[in-house]
Student: 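Please see the structure below; I have some questions.
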Amino acid sequence: MQTQTVYTLLYSGAQHSEISGEFTFPDYLPDIRKVLRVTAVPHVTGKYMNGERLELEGEVSMTLLYVSEENTVCAFTAALPFSQSIAVSGLDETTIVTARMTADSPACRLIGPRKCVLRTRPTLHVRAVAAKEITPDTSALPASDAAQLCTHTEPLKAADLICISREEMRYAEDIAISDGAIVSILSCEVIPAVRECRASAGHVICKGEFELSALCTVQTEGGTDFRSLCRRVPFSETLEDSAITEDCRCEPDITVISVTPTVTEEGRNLGIDFCCEAAVICAVDTEVPVITDAFLPGCDIRILGDAHTVFRPIKTVNGAFSVSGTLKYDPKEPMQSVTDCRLTPFLDRWEVRDGRVVLDGTLEVSLICATDAGSYLPLTASVPLHWDTDATGLPDPANLLLHTDCRVTGNTARMDTGNASVICDAELAVSVSMAAKELHTLPRALFVPTDSKTYTAPKEPLILCYPDAEESVWDIAKRYRIPPQTVREANRLDPTADTVSGTAPLIIPIHPLFSRMKA
């Protein structure tokens, strides 16, 4: 019996937790006077299967920007290790695990001028899909009759999955400054955004942009200043696999795993070396014939089945949109300029609503502003996010899985001194991968039940059958315990016909000697 493969959804969900750590500043950093900003950048570093548990490891890189007692801006960095164990039954070597991680609500609690507690709330979005082979066990059937087994199958819409990845994709980019010299680097980030992912014969092409940003201390003729350096860099990567075809739908994920900034050319240039990982899940539609009925010449067969949540990717949609927000400040403490702007999107809800795929969330805005008095103050705000796209042709929302990713690809902040406010404009890229989940009972074993009634064949070697209109060939074959193909051949029906059109009598060859007789 031919083996068929379907992809079963083992787990899909989000795991929330809170992590924290107590840290002491190193000797080379001055005492803290005022916190300006706390950021958290998460990384998933390992995915392991341990029996029926999925083990995930990672870390959250925390950066604390603060004003020291000497009125200088300093940065303290630390890493909070992270681990999560999820009970998932059915894990095996065929399982494909995808994990995306976010970390919101980063915070700092000061214990003293040189000691603090950093904490954040990481969220892991995990999906595990395994390839399950459908080969019903027939060992319990009588050996003498098993060769005459007749099965009826129905097509199950499914998809073949191919997972391809590439590790340690290394890049090196430079950002030059026109005046002054870079003294130190306070923070540096690289954010990838995939704009396009398409399959061709033997490979997948991913295109997008890296948003590079760094906050640096710069020495100019007028003294020490703090400057935010930004650059947008396009990328195009090709991942190869001989099994990829043009019909594949692609779900890409590019993750930055390390960023190393350096100052070169006597402070006139910032070099950023970073390393990425790329993973793409490719899906192509297929149909799997699943056994729904069976019989032997002498008796019926009982089918034992197991419930499976079959996973079938549908499509991935990439989009872009803009968001604008206004932050008010105290006019008694006038701002001179925006030193640095950081925007972090968080999606709170994604669903199919009113024929649209709808994403809602917030954009957390964090500014560091320079005052006329020469000091620095933080400004924070939350701006609503909303994006939607057409959902025509998608399955029932109750059976639809959405895997989303939203990233800021560009931002500007400008002062509006007349209204004592700062206006922030952000450009965002969003990617939504859609998949259907369907519950099916798939056959595990075929056997003859002990209470099965023995079928007695008619004494006539050849009889006429008067079928009902559009009666199925399978029902007629099972009624007389002969193979369906025998009914088709004896009555000159199409070899692939499933039903009998009309009510003309059919020849039913009961005795094997008449099996080749045709109407």
Side-chain angles (χ1 to χ4, degrees), residues 1-15 47-56 85-99 124-141 149-163 243 247-251 281-295 300-316 352 393-403 433-447 449 474:
M1 189 171 291
Q2 184 178 1
T3 298
Q4 304 291 344
T5 302
V6 297
Y7 286 88
T8 299
L9 181 66
L10 303 180
Y11 178 85
S12 180
Q15 296 287 322
K47 297 177 288 188
Y48 313 98
M49 286 175 282
N50 181 14
E52 292 200 339
R53 300 201 69 85
L54 182 62
E55 311 286 347
L56 297 111
S85 180
I86 307 172
V88 181
S89 60
L91 293 172
D92 57 30
E93 66 277 0
T94 69
T95 304
I96 299 172
V97 178
T98 59
L124 266 173
H125 299 274
V126 182
R127 188 173 64 198
V129 182
K132 298 298 180 183
E133 294 185 344
I134 307 302
T135 309
D137 182 11
T138 59
S139 60
L141 296 179
L149 177 67
C150 293
T151 59
H152 182 240
T153 61
E154 291 183 1
L156 170 65
K157 289 186 177 180
D160 287 333
L161 300 185
I162 305 168
C163 184
D247 298 328
C248 289
R249 298 182 304 278
C250 303
E251 179 183 325
I281 296 178
C282 302
V284 60
D285 289 333
T286 186
E287 287 188 343
V288 176
V290 176
I291 296 175
T292 57
D293 199 3
F295 68 85
D300 287 325
I301 300 296
R302 182 168 296 174
I303 302 175
L304 294 182
D306 293 325
H308 290 261
T309 302
V310 176
F311 174 86
R312 182 165 54 89
I314 301 172
K315 64 179 178 179
T316 297
V352 177
L394 293 179
D396 183 353
N399 298 323
L400 190 64
L401 288 173
L402 301 180
H403 203 47
S433 299
M434 309 174 192
K437 60 174 182 178
E438 301 172 353
L439 185 63
H440 292 275
T441 300
L442 304 180
R444 173 168 51 86
L446 307 181
F447 73 102
W474 171 259

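We're numbering straight along the sequence, starting at 1.
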Student: For the CD1 atom of I291 and the OG1 atom of T153, what is their distance to the nearest 0.5 Å?
Tutor: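 The CD1 atom of I291 sits 7.5 Å away from the OG1 atom of T153.
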Student: For T441, which residues count as a side chain to side chain contact (heavy atoms under 4.5 Å, CB included) partner, sequence neighbours excluded?
Tutor: none
Student: Using the rule given for side chain to side chain contact (heavy atoms under 4.5 Å, CB included), can you reason through V284 versus I162, listing the C-alpha separation, both sets of side-chain angles and the distance that settles it, and then say yes or no?
Tutor: CA-CA 9 Å; V284 60; I162 305 168; 5.9 Å; no
Student: Could you tell me whether E287 and K157 have a side-chain N and a carboxylate O separated by less than 4.0 Å?
Tutor: no
Student: Is there a donor-acceptor contact under 3.5 Å linking the side chains of S85 and R53?
Tutor: yes
Student: Can you find a pair of side-chain heavy atoms, one from V310 and one from L156, that are under 4.5 Å apart?
Tutor: yes
Student: Heavy atoms only: give me the nearest K132-G90 pair and the separation to one decimal.
Tutor: NZ-O, 3.1 Å
Student: Taking all non-hydrogen atoms of both residues into account, name the closest pair between F311 and A435 and its distance.
Tutor: CE1-CB, 3.5 Å
Student: Which pair of non-hydrogen atoms, one from P443 and one from I134, has the smallest distance, and what is that distance?
Tutor: O-CG2, 3.9 Å
Student: So do V126 and T98 actually touch side chain to side chain, heavy atoms under 4.5 Å?
Tutor: no
Student: With side chains defined as the heavy atoms from C-beta onward, is the minimum distance between H152 and F295 less than 4.5 Å?
Tutor: no
Student: Decide yes or no for L401 and L9: does some side-chain heavy atom of the first lie under 4.5 Å from some side-chain heavy atom of the second?
Tutor: yes
Student: If I take atom CG from residue D137 and atom CG from residue L446, how far apart are they, to the nearest 0.5 angstrom?
Tutor: 8.0 Å
Student: With sequence neighbours excluded, what pairs up with E154 under the salt bridge (Lys or Arg N to Asp or Glu O under 4.0 Å) test?
Tutor: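 Not a single residue meets the salt bridge (Lys or Arg N to Asp or Glu O under 4.0 Å) criterion with E154.
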Student: OG1 of T292 to NE2 of H440: how many Å apart, nearest 0.5 Å?
Tutor: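 Rounded to the nearest 0.5 Å, the OG1-NE2 separation comes to 12.5 Å.
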Student: For A140, which residues count as a side chain to side chain contact (heavy atoms under 4.5 Å, CB included) partner, sequence neighbours excluded?
Tutor: F447
Student: Are Q15 and I86 close enough that some pair of their side-chain heavy atoms sits under 4.5 Å apart?
Tutor: yes
Student: Show your reasoning for whether side chain to side chain contact (heavy atoms under 4.5 Å, CB included) applies to S89 and Y11.
Tutor: CA-CA 9 Å; S89 60; Y11 178 85; over 6 Å; no
Student: According to side chain to side chain contact (heavy atoms under 4.5 Å, CB included), who are the partners of D285, at least two apart in sequence or on a separate chain?
Tutor: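 D285 satisfies side chain to side chain contact (heavy atoms under 4.5 Å, CB included) with R249 only.
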Student: Is there side-chain contact between I281 and P313, with at least one heavy-atom pair below 4.5 Å?
Tutor: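 No; the side chains remain at least 4.5 Å from each other.
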Student: Is there a side-chain contact between V129 and S12, using heavy atoms and a 4.5 Å cut-off?
Tutor: no
Student: Would you check if the side chain of K315 reaches a backbone N or O of C250 as a donor-acceptor pair within less than 3.5 Å?
Tutor: no
Student: Which heavy atom of A294 sits nearest to which heavy atom of I303, and what is that distance?
Tutor: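 In this case the closest contact between A294 and I303 is N-CD1, 4.4 Å.
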Student: Go through the structure and list residues passing side chain to side chain contact (heavy atoms under 4.5 Å, CB included) with D396, not counting sequence neighbours.
Tutor: A398, N399
Student: Working to the nearest 0.5 angstrom, can you tell me the gap between D293 CG and I301 CD1?
Tutor: 9.5 Å
Student: Does the side chain to side chain contact (heavy atoms under 4.5 Å, CB included) test come out yes or no for L10 and T95, once each step is laid out?
Tutor: CA-CA 9 Å; L10 303 180; T95 304; 4.0 Å; yes
Student: How many angstroms lie between SG in C282 and CG in D247, if you round to the nearest 0.5 Å?
Tutor: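 One gets 12.0 Å once the value is rounded to the nearest 0.5 Å.
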Student: Where do A159 and Y7 come nearest, in terms of heavy atoms and distance?
Tutor: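 Smallest heavy-atom distance, with atoms named: O-CD1, 3.0 Å.
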Student: Check A130 against D92 and note the closest heavy-atom contact, atom names and distance.
Tutor: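 Heavy atoms only, the tightest pair is CB-OD1, 4.2 Å.
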Student: Can you confirm whether L442 sits close enough to V290 that some side-chain heavy atom of one is under 4.5 Å from a side-chain heavy atom of the other?
Tutor: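 Heavy-atom side-chain distance check passes, below 4.5 Å.
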Student: In Å and rounded to the nearest 0.5 Å, what is the OG1 to CD distance from T309 to E438?
Tutor: 10.0 Å
Student: Given 3.5 Å as the limit, does a donor-acceptor pair link the side chain of T316 with the main chain of S433, or not?
Tutor: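 Flag not set: sc T316 to bb S433 has no pair under 3.5 Å.
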Student: Applying ring-ring contact (aromatic ring centres under 6.0 Å, His included), name anything that partners H308, two or more places apart in sequence or on another chain.
Tutor: none
Student: Could you check M49 against E55 for side chain to side chain contact (heavy atoms under 4.5 Å, CB included), going step by step and ending with a plain yes or no?
Tutor: CA-CA 6 Å; M49 286 175 282; E55 311 286 347; over 6 Å; no
